[in-house]
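Structure record follows, encoded as structure tokens.
This one's a predicted model, so the numbers in the text were calculated from it and none came from an experiment.
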Amino acid sequence: MSRQVIINADDFGLSPAVNSGIMKAYQAGGITSTSMMVNMPGFGDALRLARLLPGLGVGLHFNLTYGVPVSDPGSVPSLVRPDGSFHDVKSICNRDVADVEKELEAQWQRFVETSLFPTHLDSHHLLHQNDPFIYKVMATKAVKENVPLRRSQIVHPFPDLASPRMTDSILLDTYGDAKAMERLFQYLRSLPEGITEIVCHPGHVDEILRTISEWTDIRERELSVFADQEVVRVIKALNIIPINFKALKIKPFLSEDHKQRASRPEKSLTRLRHHDSIGRHSAFAQGSRTISKKRGSTLHSSARNRKRI
């Protein structure tokens, strides 16, 4: 069985400078895919660039924590603050499932109305991983639209939920430190068979970004990694096949046996930090098995009860 990799740059559409950095990484061969935010200031610029580069896979980066909803804020009251903007990722809020469904549909429609079609579905700040009910909404949408969903490292036990297509494994890490390149190459050397998604956040920085996100200068450092030709050379030398999510069009849904195993709660799950927090965290997830690493040590922790959205 071959080893295939999707290197996905999140936050396409966040700002023109972020878009420019993602394009630089793609043209250098360091990424193969991106996921687009349709409610942010760089959306129009992202569309222009995506149309120029049809080989770039572009998915929907479902966003409930930056900016304002695509829906009328008054129609999704549980998602917004009094000024109509989304609750940020640090806020404690109880999102109503119906509001999440409505906003996901609105963001999906804004994407497809451009004449482009999402190659896959994922979420900003790992919302579908961290909240089981957001996962359920997004998994249902992915199955309905016949697109892959980013693999969650946490297994959410919904026995009656149809299983969307996913990669066989996923790697979450940041690449802003001095040993980032070395660590990326180690991940590539140890890549498992099948399809793995590597998530990254390359980009340039502009004032628009600085007003929105704390995740700024590290994007430049990640860009220096994923725009380096050595990444392309190592992938080729290791006989790893670079792909995007379009390749999962021919990947079958999970087997009934896998569905049954995936519906069982994990005894040990891993807490992940969202990418606006401080510190580095990486994790390989393969199916329902998660291997987490933080600064070289293995971490396991019991899952906390997740509040309903």
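- For D206, the side-chain hydrogen bond (donor to acceptor under 3.5 Å, both in side chains) partners two or more places apart in sequence, or in a different chain, are S15.
- By the ring pair (Phe, Tyr, Trp, His ring centres under 6.0 Å) test, F117 pairs with W108, sequence neighbours left out.
- A salt bridge links R150 and E197; the closest N-O separation between the charged side-chain nitrogens and carboxylate oxygens is under 4.0 Å.
- A side-chain donor-acceptor contact under 3.5 Å links H87 to the backbone of V80.
- The side chain to side chain contact (heavy atoms under 4.5 Å, CB included) test applied to D160 returns no partner, not counting sequence neighbours.
- A donor-acceptor pair under 3.5 Å is formed between the side chain of S190 and the backbone N or O of Q186.
- Residues satisfying the side-chain hydrogen bond (donor to acceptor under 3.5 Å, both in side chains) criterion with T32, sequence neighbours excluded, are absent altogether.
- One distance of note links OH of Y175 with OH of Y187; it measures 5.5 Å at 0.5 Å rounding.
- Pairing each heavy atom of P148 with each of L248, the nearest pair is CG-CB, 3.6 Å.
- Smallest separation of non-hydrogen atoms from G194 and M1: CA-CE, 3.5 Å.
- Rounding to the nearest 0.5 angstrom, the gap separating the OG1 atom in T167 from the CD1 atom in I6 is 6.5 Å.
- With sequence neighbours excluded, the residues satisfying side-chain hydrogen bond (donor to acceptor under 3.5 Å, both in side chains) with R233 are E230.
- Contacts of S85 classified as side-chain hydrogen bond (donor to acceptor under 3.5 Å, both in side chains), with partners at least two apart in sequence or in another chain: R81, D83.
- Taking the side chain as every heavy atom from C-beta outward, E101 and K141 never approach each other to under 4.5 Å.
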